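The block underneath contains the structure these notes are about, expressed in structure tokens.
Since the model is a prediction, treat every value here as computed from it, not as a measurement. Letters A, B, ... are given to chains in the order of the sequence lines, protein chains preceding strands, and every chain is numbered from 1.
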There are 2 protein chains.
Amino acid sequence: MSEDGGAPTLRDVARRANVSLATADRVVNRRAGVRPVTIDRVEAAVRELGFERHAGAAALARRTGFRVAAILPRLANPFVARLAEELGEACRIEGQRRLALTLHEMEGFAPEPLARAVRHAAEAADGIVAMGLDDAEVGAAIDAAALRGVPVVTLVSDVPGSARHRYVGIDNRAAGRVAASLVGRFAARPDGRVLVVLGSRNLRDHRDRLEGFEAALGESFSGMRICGVAEGRDDVASTREAVREALDRWGAPCAIYSAGAGTSGLADALADAAIRPVVIAHELTAETRPLLEADRLDALIVQDPGHEARSAVRILMAALTGTAVNDDQERIRIEIILKDNLPK
Amino acid sequence: MSEDGGAPTLRDVARRANVSLATADRVVNRRAGVRPVTIDRVEAAVRELGFERHAGAAALARRTGFRVAAILPRLANPFVARLAEELGEACRIEGQRRLALTLHEMEGFAPEPLARAVRHAAEAADGIVAMGLDDAEVGAAIDAAALRGVPVVTLVSDVPGSARHRYVGIDNRAAGRVAASLVGRFAARPDGRVLVVLGSRNLRDHRDRLEGFEAALGESFSGMRICGVAEGRDDVASTREAVREALDRWGAPCAIYSAGAGTSGLADALADAAIRPVVIAHELTAETRPLLEADRLDALIVQDPGHEARSAVRILMAALTGTAVNDDQERIRIEIILKDNLPK
DNA sequence: CTGTTAGCGCTTTCAA
DNA sequence: TTGAAAGCGCTAACAG
């Protein structure tokens, strides 16, 4: 204990180990240039006193801030727009005034440009947060950044197999399973046909949702069948058109799982066809909220963009300064929103 | 802007207003003893520079910490135990080493002792977080604390009408509505009878859940009827007994909404009677998790105790130091947990 | 390799 | 009513 009864400080550690503050700091922060014997002495003192670095004080003392680059698809999608906004806010709040954010909005969100953006950001930033794309070149760019000591956090959509520092987002396979449970129980037709609408099969997160959906439907509601999968390119107009075609081709389903964006296009196509199957969609935005309120949708499967942004920033900050994260706090929930628990 | 391009500091404000750092601090923190003219000058500078207090630095500089008292029912209930644990953790992390927590566990959680505990805590602590009870005497104790300048945050269960600084917890009426939607859609029997199990009708949160449940069932599933309400005193053994009696008296329902604790007692009573109606219960704990995993339960309506504890502590800290809170971050969600989105 | 010293942005004595 | 100065716990030069 430090003499005054409070938590032990680095000064206490230094005194106990008979070294200067600077040396204690070197050891605690694993900086080079300390004799092994000294390291041992300091580490012993740390252990004996139960010293824990005061992250706030450390952030304050550090003169030089960090540059973080955020790479996101075009902000037309309301969910992505919200994410961008929250990232800015989170840098201000969680970053202790030491994080400068640069936002890179990508026109076409494709592997090659994304990989380029990551490579570029790795030169200009100390940390990167990027919405991922499951692609080898993107993975390679991330690996290269990591090798340079630039941590990259993947957001919402992961790049599995890469050296990304961490993935912040939901388990999309599990989200698909939740959708299947909801469809199965809400539709109340043990033999119904269900339509799935995706942004694109090339998006890892959408594919994962589809897989989880198929698996859970097969296990728990084996009488129900997926009659078809439409791709709406995460865009309102395209989705409306894709759903119209799907209805023509496969007839009216008893339920629809919309795993991508462009949900209001889906709702409009249903209105056009004058049918109202059970509908489960994703994300709570200015686009989907009124649909749920008006009972044109049964449930929304949601991830909180504010939480995701804060989490990504906290994790990056921790990686950059070598502090610990509270995993429990960083777990992104798969939320189920009904009309009844719609937040105000 | 401060000359170096970073965010403006109090020093910048002081320079601009032609006063010392100390005076600028006095104005910004609304301390007494500054001439009105000076106040105006400083406030103008604050506005012009867009100054915002750096909370971390302020916490660091403050020598004297705060004492916070937490008042909770007996920790036998696993949800409450978790809450207590998380409160300790949150004080360490969010409290910037400046929050000393004292936990008061109450044997019988009744209005009179609770009011006494609040009155007592108001003498010994700078801030209070307490699980509330909707009672006039408790309200009066809270009002008295507030009058002394000791903010009290109500946790999980509110004391409406009192001067509590803030309520941290879910909207229980809405939670009851969610339960009704789930029961209505999962039971798939437009004419079924449903049993409600409560801890006690005297608990405000349970009563709110019941009200929300009744209202939503009436609106959306008007064929279904509540056949009875049992009280299990939030205890496993009592709940088992109460449910057994309820089944005897009212017969087997098609669904059960368990709004209180003691859920495994309910599950056991159902096993005893060899029936398996749709069951919706509350809170994810070591007690309820296995029930959901084993399909002895259909869904759990959950509030995250870790989030609630961190939120309560952040809000108390903000009140104590006069800083702002991010409302969005402090909103406690009504989570719906199915077997498929059960966190690891 | 190690220590000394000057801060980070703010609060808090103590004097004036 | 106001200001000067010390310091919270840590980092980052700069010497030695």
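- The distance between atom CZ of A:R97 and atom P of C:dG9, rounded to the nearest whole Å, is 8 Å.
- Side-chain N/O atoms of A:R62 and base N/O atoms of C:dG7 include no donor-acceptor pair closer than 3.5 Å.
- Separating the CZ atom of A:R15 from the P atom of C:dT2 is a distance of 19 Å, rounded to the nearest angstrom.
- Side-chain N/O atoms of A:T23 include one lying less than 4.0 angstrom from OP1 or OP2 on C:dG3.
- Following rounding to the nearest Å, A:R41 (CZ) and C:dG3 (C1') show an atom-to-atom distance of 13 Å.
- Rounded to whole Å, the distance from CZ on A:R26 to C1' on C:dG3 is 7 Å.
- In this structure, B:N29 contributes its side chain and B:R31 its backbone to no donor-acceptor pair below 3.5 Å.
- Shortest non-hydrogen contact noted between A:V325 and A:A318 is CG1-CB, 3.5 Å.
- Separation of atoms CZ (B:R314) and CD (B:E330) is listed at 4.0 Å; rounding is to 0.5 Å.
- Computed from coordinates, the B:R98 CZ to C:dT12 P distance equals 10 Å when rounded to whole Å.
- For B:A61, the listed nucleotide lying nearest its side chain is D:dG7; candidates were D:dT2, D:dT11, D:dG7.
- Judged by closest nucleotide on DNA chain D, B:V19 is the one of B:V19 and A:L60 placed further toward the 5' end.
- Each of D:dC10, C:dC10, D:dA12 was ranked by its minimum atom distance to the side chain of A:A22; first place goes to D:dA12.
- Atom CG in B:D12 sits about 8 Å away from atom P in C:dG9, given to the nearest Å.
- Between B:Q329 and A:R310, the closest side-chain pair of non-hydrogen atoms falls below 4.5 Å.
- Residue B:L21 contributes atom CG, which lies 9 Å from atom P of C:dT11 at whole-angstrom precision.
- Residue B:A58 is in sugar-phosphate contact alone, with no base atom involved, counting any heavy-atom pair closer than 4.0 Å across all strands shown.
- Atom NE2 of B:H54 and atom C1' of D:dC8 are 13 Å apart (whole Å).
- Between B:S20 and the phosphate of D:dG3, there is a side-chain N or O to OP1/OP2 separation shorter than 4.0 Å.
- For the pair A:R98 (side chain) and A:L60 (backbone), a donor-acceptor distance under 3.5 Å is present.
- Mapping A:R63 and B:V28 onto DNA chain C by nearest heavy atom places A:R63 closer to the 5' end of the strand.
- At the phosphate of D:dT2, OP1 or OP2 sits under 4.0 Å from a side-chain N or O atom of B:T38.
- Minimum atom distance to the side chain of B:R31 is reached by C:dT11, of the listed D:dC10, C:dC10, C:dT11.
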